[in-house]
Each structure stands twice: as C-alpha cells, then as structure tokens.
Amino acid sequence: MTEAYRQHHGRILCGDAWIDGTLTVAPDGRIAAIEERAGTEGLTLLPGFIDLHVHGGGGADIMQGGDAAARIAAAHVRHGTTALLATTMTAPMAELEAVLAGLGQACGTRQPGAARVLGVHLEGPFINQEKLGAQPDHACVAVLDSLHRLRSLAPIRVITIAPEIAGHLEIIRVLSADGVRMQLGHTSGSYDDGVAGLRHGATSFAHLFNAMTGLHHRQPGIVGAALAHARYAEIIPDLLHVHPGALLTALRAIPQLYCVTDSTSATGMQDGDYRLGSHTVTKCQGGVRLADGTLAGSCLTMDQALRNLVSVGLDLADASRRLSAYPADYLGVTDRGRLRVGAWADIAAFDANLALQAVVAEGERIDLAQA
C-alpha cells in the first residue's frame with residue numbers, strides 16, 4: 001500500500017487505446033485517475049502481467065513448501081509479473097496436501113516486493129501417464145472427495161486434467177460448475193475426447209501443443225479440438241516449446257489465446273541443475289530439460305514473452321492483452337489485467353526497446369535490482 005498519491009507519466013495502454021498522459025495511484029494501491037495530457041513524455045505503461053502457470057523462479061520450487069511461493073513471487077515481479085498462480089507438480093496426495101496447506105497461507109496476502117499469488121493451478125496428478133512430459137510418475141484418477149480436501153486447503157483456481165480417463169468428464173462437469181477453471185492437458189485423448197471435455201465445462205488447454213495428441217488431418221487430436229473450438233488456451237511463447245509458425249496458427253484460431261511461462265526454479269538463475277518437483281532438471285542454452293532431453297518447464301519470464309510475441313509480428317497492444325487482460329478474463333478477475341480507474345495499480349513500464357524499466361504491484365514501486 002502506498003502512503004500518498006503517486007503519478008506515472010508516459011504512453012499508457014488503456015484497453016485497446018493508447019493515451020499520452022498521467023496515471024495516478026491512490027493510497028490504497030488502486031488507480032485513481034488516468035488523464036490525457038498532450039506532449040507527455042515517459043515510458044510505455046502496460047498492465048502488469050498475469051502468469052497462470054508458474055512452478056518456480058529465483059532458485060525456488062513451489063513443491064518445496066515453506067517460503068518458496070514468496071521467493072518465487074518476488075523473483076517474477078522483477079520481470080513485470082504482478083499476479084500469478086502457484087502451480088504444483090504431480091506428486092503423491094499426501095505431498096500435495098502438505099504443499100497446498102502452505103499455499104493457502106501464501107494466497108492470503110501479497111508480500112512486499114512480490115507479485116500477488118492469486119491461487120493455485122493444480123497441474124496433475126489427474127493426467128494421463130502416457131503424456132507425463134516432465135511430470136513425475138504419480139498420475140492417478142481424480143476422486144471428488146480428494147479434490148474437495150485439496151480445495152479446503154488452498155484456493156485452487158485452475159486444474160489441468162486428462163478428459164479421456166474414466167470418470168474425469170464428470171469431475172470436469174462438477175468442478176467447472178463450482179467455478180474452477182478446468183483445462184485439458186497431459187492427455188492422450190482424441191479430438192472427440194477434447195470436444196467432450198469442452199462440452200462438460202472445460203474452458204482451456206494446458207501449454208497448447210505440448211503433452212497432448214497433435215494435429216493430423218485424419219486424426220485431429222486434442223490440438224485439433226483446441227484449434228477448432230477453444231476460446232481460451234495457454235501457450236508458452238519461449239519459441240522453444242512451440243515453433244513460431246505453430247504459435248501464429250494458434251493465435252489465428254483461438255480468440256483469447258493467453259501466454260504463460262511454465263517457469264521453473266531455474267528462471268532468473270545461471271545455467272546449472274535445479275529442482276522441478278521431485279525431478280532434477282538442467283538449465284542450458286535457454287531451456288530447461290530432464291536428463292533424457294525432455295523439455296521440463298522453462299526459464300522464460302513474461303517480459304521476454306512480450307518481446308518474443310512482438311518479434312513474431314504481434315503489435316504491442318495485442319501482445320500485452322495475451323499476457324494480462326486475457327488471463328484475467330479467463331480467471332474472471334475484473335480488477336487486474338487492464339489499466340483503468342478502480343483497478344489495482346499493477347504496471348509494467350518499458351522503454352522504446354521493450355526493456356523493462358519499472359514495475360508497480362498494487363501501488364508499490366518494485367526494486368528491480370533487489371537480490
């Protein structure tokens with residue numbers, strides 16, 4: 001929370017329009033006014049990024065528990081991410097319960113110098129063992145009683161699930177009706193399985209193209225279901241998980257395709273070995289991999305994601321929407337993801353070369369050089 005009104009000057013993205021002027025932050029950390037003033041000079045002010053798929057950062061992994069979530073939120077905010085979902089790995093139920101108990105506390109308040117943890121993205125264990133990707137081998141069938149127990153421990157906002165597993169369509173129907181965003185991923189399902197998942201209430205796809213059946217003209221697969229029917233899907237724009245041509249295809253087909261990092265503890269760190277759940281992963285050559293070469297999350301940050309989107313041809317406003325407004329829309333969050341009066345003052349400020357120069361999280365100016 002700020003102690004007085006503060007002003008930020010520059011080129012401000014307000015919805016779909018650009019305004020040269022001043023953004024005023026109230027003492028409660030919300031935007032009090034946005035005023036157009038001709039000739040105003042300054043940085044380009046974008047809404048702070050909202051990352052719905054974060055496993056780690058700054059050397060910390062969500063599955064470590066303790067203060068890991070706070071350390072991760074502090075690492076990501078220095079790259080423009082002002083809100084995120086703490087994302088779990090597939091693990092035995094007892095371990096998930098222990099981790100979620102800690103995350104319930106982390107979601108209660110924003111720590112100074114950190115992004116807001118909006119809730120939890122449960123990625124596994126309700127996935128197909130044939131499409132683990134970098135997930136540990138603890139996949140299991142979803143049971144409502146177990147899910148109710150997990151939801152009692154922390155606010156689970158998103159669950160990734162394989163729709164082809166017996167009983168999972170009913171799980172999708174029940175939980176989506178209760179406000180959980182159900183997304184399809186780590187799945188060997190067919191096109192028809194994907195369509196069935198959407199009809200039962202699923203609303204997105206986890207890291208599109210990765211850990212799912214691909215598109216073939218006679219067997220469209222889960223990717224085909226997404227391209228044909230989805231309004232939302234998440235994608236990792238590190239230009240390593242997905243070729244730029246596939247990224248452009250998805251952008252053309254899925255109206256509110258939004259971007260995530262799928263970041264690991266290696267994010268923001270030097271090359272070397274790091275933890276991802278129960279796995280040891282290696283960061284090198286701009287990626288993160290298991291010992292067998294399988295991509296294992298990423299070391300992407302959202303400011304780099306912005307630059308990558310612009311590099312493949314998106315204009316800055318469109319790129320921004322896919323990092324802020326669309327993930328907010330997907331979660332049903334109305335006071336983040338856009339710069340407008342009454343919303344939280346979550347701001348990422350860039351220079352003309354799209355180098356991040358300043359971040360404001362709920363009105364707090366973040367020290368980007370903080371260790």
Side-chain angles (χ1 to χ4, degrees), residues 1-51 76-84 110 113 115-116 118 237 251 255-259 301-368:
M1 182 178 293
T2 56
E3 296 178 355
Y5 284 85
R6 294 182 180 178
Q7 292 187 327
H8 302 271
H9 310 283
R11 182 175 177 239
I12 307 166
L13 180 60
C14 298
D16 295 329
W18 291 99
I19 293 176
D20 291 329
T22 298
L23 183 152
T24 302
V25 180
D28 65 357
R30 293 182 180 267
I31 298 173
I34 300 175
E35 301 171 290
E36 187 169 9
R37 295 180 180 177
T40 301
E41 295 183 359
L43 300 171
T44 296
L45 307 185
L46 303 177
F49 306 132
I50 302 175
D51 192 347
H76 280 275
V77 78
R78 295 195 293 277
H79 293 277
T81 296
T82 51
L84 58 84
R110 187 185 68 83
R116 168 72 68 169
L118 295 172
L251 285 165
Q256 289 180 265
L257 186 78
Y258 60 93
C259 297
T301 58
M302 289 291 254
D303 59 333
Q304 185 59 50
L306 179 79
R307 291 186 285 270
N308 288 350
L309 291 177
V310 171
S311 76
V312 300
L314 276 70
D315 66 55
L316 186 57
D318 191 15
S320 172
R321 284 191 291 272
R322 297 180 188 282
L323 300 168
S324 302
Y326 291 169
D329 291 346
Y330 178 62
L331 280 190
V333 172
T334 59
D335 58 358
R336 299 180 193 274
R338 291 177 174 85
L339 299 180
R340 59 188 177 197
V341 173
W344 285 108
D346 289 345
I347 306 166
F350 291 83
D351 65 16
N353 296 316
L354 293 186
L356 185 66
Q357 299 297 310
V359 177
V360 177
E362 297 184 359
E364 179 195 4
R365 180 71 174 257
I366 302 298
D367 180 3
L368 301 188

(request) Can you measure from CD1 (Ile19) to CG (Leu45) and round to the nearest 0.5 angstrom? (result) 11.0 Å

(message) Using a strict threshold of under 4.0 Å (side-chain N to carboxylate O), is an ion pair present between Arg336 and Glu362?
(response) yes

(request) Determine whether Asp346 and Ile50 make a side-chain contact, defined as any pair of heavy atoms from C-beta on separated by less than 4.5 Å. (result) no

(request) List in chain and number order the residues that pass side chain to side chain contact (heavy atoms under 4.5 Å, CB included) with Pro47, two or more places apart in sequence or in another chain; answer none if no residue qualifies. (result) Leu13, Ser320, Ser324, Leu339

(message) Keeping Arg322 on the side-chain end and Leu257 on the backbone end, is there a donor-acceptor pair under 3.5 Å?
(response) yes

(message) Ala355: which residues meet the side chain to side chain contact (heavy atoms under 4.5 Å, CB included) condition with it, sequence neighbours left out?
(response) Asp351, Gln357

(request) Applying ring pair (Phe, Tyr, Trp, His ring centres under 6.0 Å), name anything that partners Tyr326, two or more places apart in sequence or on another chain. (result) none

(request) Not counting sequence neighbours, which residues clear side chain to side chain contact (heavy atoms under 4.5 Å, CB included) with Arg30? List them please. (result) Asp28, Asp335, Trp344

(request) Verify, without hydrogens or angle tests, whether Glu364 (side chain) and Gly113 (backbone) share a donor-acceptor contact under 3.5 angstrom. (result) yes

(request) Might you point out which heavy atoms bring Ala115 and Ala83 nearest each other, and give the distance in Å? (result) CB-N, 4.0 Å

(request) Answer whether the closest heavy-atom distance between the side chains of Thr82 and Ile347 falls below 4.5 Å. (result) no

(request) Measure the spacing between CG of Leu43 and CD1 of Ile12 and express it to the nearest 0.5 Å. (result) 11.0 Å

(message) Among residues at least two apart in sequence or on other chains, which ones pass side chain to side chain contact (heavy atoms under 4.5 Å, CB included) with Val312?
(response) Leu239, Pro244, Leu247, Leu248, Leu314

(request) To the nearest 0.5 Å, tell me how far Asn353 CG sits from Arg307 CZ. (result) 10.0 Å

(request) Scan residues 16-43 for pairs that pass ring pair (Phe, Tyr, Trp, His ring centres under 6.0 Å), counting only residues two or more places apart or in two chains. (result) none

(request) Search all heavy atoms of Ala32 against all heavy atoms of Val341 and return the closest pair with its distance. (result) O-CG1, 3.7 Å

(message) Do Leu316 and Leu354 make a side-chain contact, defined as non-hydrogen atoms from C-beta onward lying under 4.5 Å apart?
(response) yes

(request) Looking only at non-hydrogen atoms, find the nearest pair between Leu356 and Gly80 and report the distance. (result) CD2-N, 3.6 Å

(request) Considering only NZ, NE, NH1 and NH2 on the basic side and carboxylate oxygens on the acidic side, decide whether Arg78 and Asp303 come within less than 4.0 Å. (result) no

(request) To the nearest 0.5 angstrom, please state how far the CG atom of Leu306 sits from the CG atom of Leu46. (result) 6.5 Å

(message) Please find the pair of heavy atoms, one from Gly363 and one from Val25, that lie closest to each other, and give the distance.
(response) CA-CG1, 3.8 Å

(message) Rounded at 0.5 Å granularity, tell me how far NE2 in His8 sits from CD1 in Ile31.
(response) 9.0 Å

(message) Rounded at 0.5 Å granularity, tell me how far CG in Asp16 sits from CZ in Arg321.
(response) 4.5 Å

(message) Is there a side-chain contact between Asp318 and Leu309 in this structure, where contact means two heavy atoms from C-beta onward sitting under 4.5 Å apart?
(response) no

